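A short write-up of the structure that comes next.
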Amino acid sequence: MQGKRASNIEVKRINRNQVYWLINQRERISKPEIAAALGLSMPTVLQNVDELIERDLVKEAGTFESTGGRKAKVLTANYAARFAIGIDITQNHIGLALTDLSGDVCLHRRLQKPFTDQEHYYRELGELAMAFLKETGRPVEQFLGFGISIPGIVSLDGQTITHSHALGVAGVPCRRFYEFIPYPCVLTNDANAAMIAEMYHNPSPMTAIYFSLSNYVGGAIFTQAAQDFDHRPVFDRLFLGDHCRSGEFGHMILFPAGTPCYCGKLGCVDSYCSAKLLAGHSAGKLETFFSELESDPAHQAVWNRYLDHLAIAVNSLRMAFDSPVIIGGYVGSFMEPYLSDLQQRASLLNTFGQDASYIRLCQFKVEASALGAALRHIEAFIQTI
Ligand SMILES: [Zn+2]
């Protein structure tokens with residue numbers, strides 16, 4: 001009996017969650033449309049919508065044009081009902097991004113601030129976080145917390161940065177990063193965070209690989225079973241591996257005995273596909289490299305080699321995972337004009353045919369990692385609806 005009651009409560013929770021998520025994902029929807037899309041009875045939909053309106057998570061916004069009968073009311077999600085802030089920490093910069101239940105970047109800032117594992121850095125990080133929270137102008141009682149993205153490996157329990165070559169730390173307690181932040185904080189690996197941003201808006205069952213081409217090359221693996229009808233947080237659907245070191249695509253060997261990698265080995269993907277490799281030809285500025293690319297034959301030669309190497313790595317990911325590969329990171333945000341070129345090169349390497357439409361571009365070109373880190377709070381909140 002108790003088990004049956006528990007499962008009824010669970011069914012109710014899943015229904016409410018599904019109703020909320022559908023309204024969140026559609027800009028405008030009516031109650032009959034919700035009933036049809038989810039296969040729920042009208043009384044169930046009415047009850048759930050009333051509860052969501054009561055909690056200020058859903059609003060009525062006028063009526064749809066009548067198609068004969070009574071005009072149906074337009075329902076929209078109140079995206080501003082909760083918000084969170086993401087902080088992206090890199091070797092030399094701190095990025096900040098505001099998001100809410102829309103899952104979009106509503107405001108962002110990026111400033112130069114070289115990382116150092118010392119108290120004054122963390123104190124300043126806390127001051128920046130507080131100043132940005134104030135700048136959002138949103139009510140603090142609707143604030144869920146800060147999500148911090150770092151270029152390093154975070155232990156499964158979220159308590160320790162086991163290793164970060166980029167920041168030059170190992171075995172550091174995560175709490176050091178939020179010692180001076182008096183709000184809930186959670187740390188996430190930067191590539192995993194970027195994957196969360198990509199997948200938040202994509203609830204359909206699928207698997208995907210995020211290939212992060214920033215100053216260091218990394219990635220993330222998303223996998224979702226077809227029976228995942230509930231909107232579980234994206235983070236829970238990432239494949240993390242035995243030591244949370246999955247997706248370290250930068251250290252797959254591309255050429256044995258090739259160019260030295262910062263990890264100490266030879267011929268890693270990172271040595272051929274990092275953003276630094278391109279930026280290094282334009283005084284460290286990746287934007288400059290791409291703006292000069294059209295008119296500079298030397299840059300074109302570098303880019304040509306880069307695309308060849310990238311195509312090999314991307315094709316290997318396709319062979320290993322048989323999944324879409326999302327090109328992200330710093331280079332990913334400049335890739336749009338060159339996507340079909342990369343697809344052509346990769347298709348020539350593909351054992352199973354010419355189709356290279358599995359190679360996709362990241363949707364978020366600005367502060368993707370900060371956004372995804374913040375979305376962990378947003379998704380945890382949606383779970384409670
Ligand atoms: Zn390496």
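Note: hydrogens, waters and symmetry copies are ignored here, and every other heavy atom, side chains too, is used. In this text, all values refer to a predicted model and were calculated from it rather than measured experimentally. Numbers here simply count residues along the sequence, with the first being 1.
- Between Arg28 and Phe64 the shortest side-chain heavy-atom distance falls below 4.5 Å.
- Between Phe364 and His201, the distance separating the two ring centers is shorter than 6.0 angstrom.
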Can I get a per-line list of side-chain donor-acceptor pairs under 3.5 Å for residues 43-53, giving both atom names and the distance, sequence neighbours left out?
| residue | atom | partner | partner atom | Å |
| --- | --- | --- | --- | --- |
| Thr44 | OG1 | Ser41 | OG | 2.8 |
| Asn48 | ND2 | Thr44 | O | 2.9 |
| Glu51 | OE1 | Arg16 | NH1 | 3.0 |

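- No side-chain donor-acceptor contact under 3.5 Å links Asp104 to the backbone of Cys106.
- In this structure a side-chain-to-backbone donor-acceptor pair under 3.5 Å is present from Asp270 to Val217.
- In this structure, Tyr358 and Asn350 have side chains that are in contact, with non-hydrogen atoms separated by less than 4.5 Å.
- With hydrogens and angles ignored, the 3.5 Å screen pairs no side-chain donor or acceptor of Ser282 with any backbone N or O of Ala279.
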- request: Check the pair Tyr216, Tyr262 against ring-ring contact (aromatic ring centres under 6.0 Å, His included), reporting the backbone distance first and the verdict last.
  value: CA-CA 10 Å; Tyr216 297 93; Tyr262 69 85; 4.8 Å; yes

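- The closest side-chain heavy-atom distance from Cys263 to His165 is not below 4.5 Å.
- Side-chain contact of Asn192 with Tyr210: a donor-acceptor pair under 3.5 Å is absent, judged by distance alone.
- Considering every non-hydrogen atom in both Leu266 and Ile253, the closest pair reads O-CD1, 3.5 Å.
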Only pairs under 3.5 Å count here: list side-chain donor-acceptor contacts from residues 149-158, not counting sequence neighbours, and write none if there are none.
| residue | atom | partner | partner atom | Å |
| --- | --- | --- | --- | --- |
| Ser149 | OG | Asp88 | OD1 | 2.6 |
| Ser155 | OG | Asp157 | OD1 | 2.5 |
| Ser155 | OG | Gln159 | N | 3.4 |
| Ser155 | OG | Thr160 | N | 3.1 |
| Ser155 | OG | Thr160 | O | 3.4 |
| Asp157 | OD1 | Gln159 | N | 2.9 |

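- Across Ala37 and Arg26, no two heavy atoms sit closer than the pair CB-NH2, 4.4 Å.
- Of the inter-residue distances, the one linking Lys31 atom NZ with Ile23 atom CD1 reads 9.5 Å to the nearest 0.5 angstrom.
- Contact annotation: the side chain of Val74 approaches that of Thr76 to within less than 4.5 Å [non-hydrogen atoms, C-beta and beyond].
- Taking CZ of Arg376 as the start and CG of Leu144 as the end, the distance is 13.5 Å to the nearest 0.5 Å.
- Ion pairing between a basic and an acidic side chain is recognised when a charged N comes within 4.0 Å of a carboxylate O; Arg110 and Glu367 show such pairing.
- Interatomic distance, Thr223 OG1 to Ile209 CD1, rounded to the nearest 0.5 Å: 9.0 Å.
- The minimum heavy-atom distance between Tyr306 and Leu278, with the atom names listed, is CD1-CD2, 3.7 Å.
- Judged as a side chain to side chain donor-acceptor pair (under 3.5 Å), and not counting sequence neighbours, Ser291 has no contacts.
- No side-chain heavy atom of Tyr183 sits less than 4.5 Å from a side-chain heavy atom of Tyr178.
- One finds the CD atom of Gln354 at 10.0 Å from the CG atom of Leu349 (value rounded to the nearest 0.5 Å).
- In this structure, Leu40 and Val19 have side chains that are in contact, with non-hydrogen atoms separated by less than 4.5 Å.
- Although no hydrogens or angles enter the test, the distance criterion places a donor-acceptor pair under 3.5 Å between the side chain of Ser316 and the main chain of Ile312.
- Atom OG of Ser357 is separated from atom CG of Leu339 by 10.0 Å, given to the nearest 0.5 angstrom.
- Not counting sequence neighbours, His93 has no partner by the ring-ring contact (aromatic ring centres under 6.0 Å, His included) test.
- Not a single donor-acceptor pair under 3.5 Å links the side chain of Glu60 to the backbone N or O of Leu75.
- Between Ile14 atom CD1 and Leu38 atom CG the span is 12.0 Å, to the nearest 0.5 Å.
- Across all non-hydrogen atoms, the minimal contact from Tyr20 to Ala77 is OH-CB, 4.4 Å.
- Heavy-atom minimum distance, Ala129 versus Ile87: CB-CD1, 3.9 Å.
- A centroid separation of less than 6.0 Å is found between the aromatic rings of Phe146 and Phe143.
- Judged by distance alone, with hydrogens and angles left aside, the side-chain atoms of Lys59 form no donor-acceptor pair with the main-chain N or O of Asp56 at under 3.5 Å.
- Listed here is the closest heavy atom pair of Gln91 and Leu167: N-CD2, 3.9 Å.
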With a 3.5 Å cut-off and sequence neighbours excluded, list the donor-acceptor pairs that the side chains of residues 323-338 form with protein atoms.
| residue | atom | partner | partner atom | Å |
| --- | --- | --- | --- | --- |
| Ser323 | OG | Thr207 | OG1 | 2.6 |
| Ser323 | OG | Phe321 | O | 2.9 |
| Ser333 | OG | Tyr330 | O | 2.7 |

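- At distances below 3.5 Å, not a single donor-acceptor pair connects side-chain atoms of Ser212 with backbone N or O atoms of Gly218.
- For Asp100, the side chain to side chain donor-acceptor pair (under 3.5 Å) criterion is met by Ser102, Arg138, not counting sequence neighbours.
- Tyr121 and Phe115 have their aromatic ring centers within a separation under 6.0 angstrom.
- One N or O on the side chain of Ser274 and one on the backbone of Lys276 form a donor-acceptor pair closer than 3.5 Å.
- The closest side-chain heavy-atom distance from Met252 to Leu317 is below 4.5 Å.
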side-chain contact (heavy atoms from CB on, under 4.5 Å) evaluation trace for Lys73 with Ser30: CA-CA 6 Å; Lys73 285 182 179 145; Ser30 69; over 6 Å; no

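- For the pair Phe235 and Leu375, the minimum side-chain heavy-atom distance is 4.5 Å or more.
- For the residue pair Arg345/Asn304, the side-chain donor-acceptor check at 3.5 Å is satisfied.
- The pair Glu119-Arg176 does not meet the salt-bridge criterion, since no charged nitrogen lies less than 4.0 angstrom from a carboxylate oxygen.
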